[in-house]
Amino acid sequence: MPASELGDSSEKEKRVVLIAVISAVCVLLFLGLSCWCIIRKKKQRKRGSRSNKENMELPLFDFQTIAAGTSSFSRKNILGEGGFGPVYKANLGQEQVVAVKRLSKDSGQGIDEFKNEVTMIANLQHRNLVKLLGCCIEGEERMLIYEYMPNKSLDSFIFDQNRKKLLNWQKRVDIIIGTARGLLYLHQDSRLRIIHRDLKSSNILLDNELNPKISDFGIARIFRLDQNEAKTKRVIGTYGYMSPEYAIDGNFSVKSDVFSFGVLLLEIVCGRRNRGFHHPDHHHSLLGHAWLLWIKEKSLELLDPSLDDSYVEFEVLRCIQVGLLCVQKLPSDRPVMSSVVFMLSNEGATLPEPKEPGFFTERSSTAGDTLLSQGRSKTGDVITITTLEAR
Ligand SMILES: *[C@@H]1O[C@H](CO)[C@@H](O)[C@H](O)[C@H]1NC(C)=O
Ligand SMILES: CC(=O)N[C@H]1CO[C@H](CO)[C@@H](O)[C@@H]1O
């Protein structure tokens, strides 16, 4: 073979190899690119459908059906006032009765609270939280549809001279523990960390068997899981249930909910409201009264007289002790809800000694009280401080 041909053929071979390599790289590049495109598209579609789902996961109810079910939103079907408007009882036919929370047109803050409540509660499910069935959005109308609670709210029992007799000691303990479990779920067991910020007896609804369900998430806040505290300039809440650090500085955390829970617990045991509590011997609130009895070791006197003999003494004392632990002045002294549930449901649990409760000063002179009275809304029950918006 002549050398020239040899050189030629090796030149040819080189070219072939080069072409093969280039085309292989091209094919690989093309394949890689198309794979990447397909994967990206898939991801996008997935993300799209997920965000769609998150918004639209809720069943939509038809406006006409609800209008018919409430006799065109007649007053006689009003169950009560929610955070942002009236709540109606609606009969949707086929024995389906629901509660409809309708955003009032004149409620300025309402639309935010509505959205807040939808996104918040649509993602939650627990037997001690009220269940959202769907919503209705039509034109200006915004409504939330909840399961109907035939026995209304806890305050309609414990503060009513006749109906309070229907709740014996065991039932009250069940309500306290159920509420504690619901709150524990909000604080740490759900996918989110939620601070309710307006826990009170009228936000605890009772089902057929008088099981408690926490409701009204209009002003609840979601915390990041590593977040412990937040501050707000718009303090919204209910007089008598707000912790000192929240009422005074707008600081809120799981511990401000724990404070409200403690107030609620003591109200259930005593059958009287913390707010507007009167006692012939002093000017303290219910919390102050409970504390005075505790240090005199006379806590049983706190017990609702309508309870007769249905109670178990050591259970009552333990409940009161847990209540007092929850309403301690310093947030860091208050237990978290998991400890509260543990202390309430384990007879053997050893409980720390409570310290002085928040707002433990006789009424006429408390900084808390004067501050709190500034922004009282027209109902006198729900207040906002710093900005005077009624809710
Ligand atoms: C509120 O929080 C700030 C720090 O974030 C703290 O300095 C202040 O003392 C707190 N207020 C109350 C009443 O605890
Ligand atoms: C104590 C009380 O009023 N219980 C009622 C709760 O609701 C159910 C269902 O409507 C009634 O049957 C109970 O009497």
Side-chain angles (χ1 to χ4, degrees), residues 77 79-80 87 89-92 95-99 127-128 130-131 146-176 178-179 195 197 201-202 204-213 215 221 223-224 226-237 239 241-260 262-263 268 271 287 304 306-308 310 326-334 336 355-361 366-372 374-375 383 385-386:
N77 284 320
L79 293 168
V87 183
K89 177 179 177 177
N91 195 333
L92 302 184
E95 301 195 5
Q96 196 190 9
V97 179
V98 296
R127 78 190 115 107
N128 295 115
V130 71
K131 192 165 161 204
Y146 283 99
E147 58 179 334
Y148 174 65
M149 292 289 153
N151 289 313
K152 306 225 172 74
S153 52
L154 182 57
D155 60 337
S156 75
F157 280 90
I158 54 173
F159 303 135
D160 183 280
Q161 285 317 313
N162 296 315
R163 279 164 56 91
K164 60 164 52 175
K165 298 198 184 89
L166 298 170
L167 298 183
N168 63 16
W169 175 250
Q170 190 50 50
K171 206 64 233 175
R172 291 190 200 204
V173 171
D174 292 346
I175 290 171
I176 289 170
T179 307
I195 315 297
R197 295 209 293 163
S201 55
S202 57
I204 307 296
L205 304 182
L206 299 172
D207 73 3
N208 288 344
E209 281 104 47
L210 301 177
N211 296 309
K213 312 253 180 181
S215 75
R221 285 285 189 87
F223 272 16
R224 294 187 312 273
D226 59 348
Q227 187 183 10
N228 289 315
E229 194 180 74
K231 206 171 163 75
T232 179
K233 288 207 175 98
R234 237 184 110 239
V235 176
I236 317 171
Y239 179 77
Y241 292 92
M242 279 195 273
S243 63
E245 74 278 8
Y246 182 52
I248 293 167
D249 274 343
N251 296 0
F252 63 94
S253 63
V254 290
K255 298 298 185 73
S256 43
D257 274 357
V258 168
F259 185 94
S260 309
V263 175
I268 294 173
L287 302 189
D304 188 342
S306 73
L307 276 168
D308 300 326
S310 71
C326 291
V327 298
Q328 292 175 104
K329 191 163 165 184
L330 295 179
S332 54
D333 286 334
R334 297 173 209 147
V336 289
K355 297 179 191 153
E356 199 177 281
F359 296 125
F360 183 67
T361 28
T366 61
D369 254 22
T370 34
L371 181 73
L372 291 175
Q374 283 173 16
I383 65 151
I385 303 171
T386 52

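Note that ligands are numbered from 1 as they come in the structure, with each ligand's atoms numbered from 1 the same way.
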Do me a favour and list the nearest non-hydrogen protein atom to atom 1 (C) of ligand 1 with residue, atom name and distance? N251 ND2, 1.5 Å

Does the side chain of Y246 pick up a donor-acceptor pair with the side chain of T232 at under 3.5 Å? no

Would you call the rings of F223 and F252 parallel, tilted or perpendicular if under 30° counts as parallel and over 60° as perpendicular? tilted

Smallest separation among heavy atoms of K164 and G271, with atom names: NZ-O, 3.1 Å

Note the single closest protein heavy atom to atom 14 (O) of ligand 1, along with its residue, its atom name and the distance in Å. E245 CB, 3.5 Å

Applying a heavy-atom cut-off of 4.0 Å, say which part of N208 lies close to ligand 2: side chain, backbone, both or neither. both

Side chains of S310 and D308: is there a donor and an acceptor less than 3.5 Å apart? no

For atom 4 (N) of ligand 2, the closest protein heavy atom turns out to be N151 OD1, 3.2 Å

Nearest neighbour in protein (non-hydrogen) for atom 5 (O) of ligand 1: E229 OE1, 3.6 Å

Distance alone, cut at 3.5 Å: any donor-acceptor contact between the side chains of N251 and K231? yes

Using heavy atoms and a threshold below 4.0 Å, how should the contact between D249 and ligand 1 be classified: side chain, backbone, both, or neither? side chain

Examine D207 against ligand 2 and note whether any of their N/O atoms are separated by less than 3.5 Å. no

Establish whether atom 14 (O) of ligand 2 and some protein heavy atom are separated by less than 4.0 angstrom. no

